[in-house]
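In what follows, every chain begins at residue 1, and chains take the letters A, B, ... in the order their sequences are listed.
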Protein chains: 2
Amino acid sequence: MSDSLLQKCLARNIRMTSQRGTIIKVIEQSEDHPDVDLLYRRSVELDNTISIATVYRTMKLLEEAGVVERLEFGDGRARYEESGDHHEHLVDVETGEVIEFFDAELEEMKRAIAEKMGYDLVDHRLELFGRKKR
Amino acid sequence: MSDSLLQKCLARNIRMTSQRGTIIKVIEQSEDHPDVDLLYRRSVELDNTISIATVYRTMKLLEEAGVVERLEFGDGRARYEESGDHHEHLVDVETGEVIEFFDAELEEMKRAIAEKMGYDLVDHRLELFGRKKR
DNA sequence: CTAAATGCAAAACCTTTGCCTCAAA
DNA sequence: TTTGAGGCAAAGGTTTTGCATTTAG
């Protein structure tokens, strides 16, 4: 089975502090796609000495370490999720709900398209915005 | 053949002013994906009375009218392009160059995926980030 | 011990807005 | 003439940063 976020950070020699530990725990326990402010508020519940600057600095660190992914849904602030199996996002335009999905054929197609244009795909992002049928 | 951006705006009864005319001309002549500041600087060259607030207001107006598209490449500011044939973007991670492409199969796949999840696709966004092979 | 991390507040960005003036229809 | 648009500057929201202090290793 796969390592916890904390283990991944330790494996990368990220210096561990109580604040980072708290933020990492918050990320691990988040099932949604929180923005920094939400991560901050959840972290403060566990350790009321944490400042939002630390949350920003930690998220940047974790992103650069490749253990979290930064998402943008077009609302002007970054949201985060733990890195893991790659998947895409479908945003329900009426409720704001974010649904994760994965489609192997789609992944391969993206790789092939970049290939055809003479590029190695290093990253990619797909967001679908949909309205629930009824 | 298709209407110019100006014609599309007039057809939608967008009140025309000299500033809007200038900004529209700048968009028409832009072959890249300018952000607001760049649009502003290009507009000022043609009419030095234009303020950046007007550029922001005009881009919002044109976006809501559906005649321009707002793009986000993850650098924290909006970029724009004239609406037209739908296409995707591949960003060269080394040069920042943005290459447009279209793939009908990919489009259909996105629609089908949303469909399968019980959604009507109302919008979608795909960006590939690649490194040129050599 | 020493280098790095934190807190706090200020600053830096990008974007929006209030208000008064000006211009399009 | 009337309603909407523009300019300016201030304010808003998100993210970054300088600096003094604390802490991990």
Go along nucleotides 4-9 of chain D 5' to 3' and tag each nucleotide: B for a protein heavy atom under 4.0 Å from its base, S when only backbone or sugar atoms are that close, - otherwise.
SSSBB-

Count I, L, V, M, F, W, Y as connected when their side-chain heavy atoms are under 4.5 Å apart, and connections chain through other members. Are B:L46 and B:I52 then in the same cluster?
yes

So, with a heavy-atom separation below 4.0 Å from DNA chain D, the residues of residues 74-81 of chain A are A:G76, A:R77, A:A78

Atom-to-atom span, CZ of B:R70 to P of C:dC14 - whole angstrom
14 Å

Test side-chain hydrogen bond (donor to acceptor under 3.5 Å, both in side chains) applied to B:E107 - qualifying residues, sequence neighbours left out
B:H86

Ionic contact status for A:E108 with A:R111, cut-off 4.0 Å:
yes

From CG of A:L62 across to P of C:dA5 the rounded distance in Å is 12 Å

What pairs of residues pass the salt bridge (charged side-chain N to carboxylate O under 4.0 Å, His left out) test when at least one of them lies in residues 39-57 of chain A, not counting sequence neighbours?
A:D32-A:R42, A:D37-A:R41

B:Y119 side chain near A:L90 side chain, heavy-atom distance below 4.5 Å
yes

If you look only at pairs with a residue in residues 89-99 of chain A, which of them pass as a salt bridge (charged side-chain N to carboxylate O under 4.0 Å, His left out), with sequence neighbours excluded?
A:E94-A:R131

At how many degrees, to 10°, do the end axes of the helix from C:dC1-D:dG25 to C:dA25-D:dT1 meet when each uses five pairs?
40°

Using whole Å, report how far NZ of A:K60 lies from C1' of D:dT15.
9 Å

Within the structure, does a side-chain N or O atom of A:Y56 lie under 4.0 Å from either OP1 or OP2 of D:dT16?
no

Any side-chain hydrogen bond (donor to acceptor under 3.5 Å, both in side chains) pairs touching residues 10-27 of chain A, not counting sequence neighbours?
none

Partners passing side chain to side chain contact (heavy atoms under 4.5 Å, CB included) against A:E28 (at least two apart in sequence or in another chain):
A:S4, A:L5, A:L6, A:I24, A:E82

Partners meeting side-chain hydrogen bond (donor to acceptor under 3.5 Å, both in side chains) with A:K133 (sequence neighbours left out)
B:E115

Quick one: do B:R77 and B:D35 make a salt bridge, cutoff under 4.0 Å?
yes

Which residues pass the side chain to side chain contact (heavy atoms under 4.5 Å, CB included) test with B:E100, sequence neighbours left out?
B:H33, B:E81, B:H87, B:H89

Would you please test A:E63 and A:V67 for side-chain contact (heavy atoms from CB on, under 4.5 Å) and show each step?
CA-CA 6 Å; A:E63 189 197 349; A:V67 298; over 6 Å; no

Value in whole Å for how far the C1' atom of D:dT14 lies from CD of B:E72
13 Å

Using the side chain to side chain contact (heavy atoms under 4.5 Å, CB included) criterion, which residues pair with B:F129? Sequence neighbours excluded.
A:V122, A:D123, A:R125, B:V91, B:V93, B:E127

Specify the residues of residues 23-36 of chain A, ordered by number, for which at least one heavy atom lies under 4.0 angstrom from an atom of DNA chain C.
none

Rounded to whole Å, OH of A:Y40 lies from C1' of D:dT15 at a distance of 14 Å

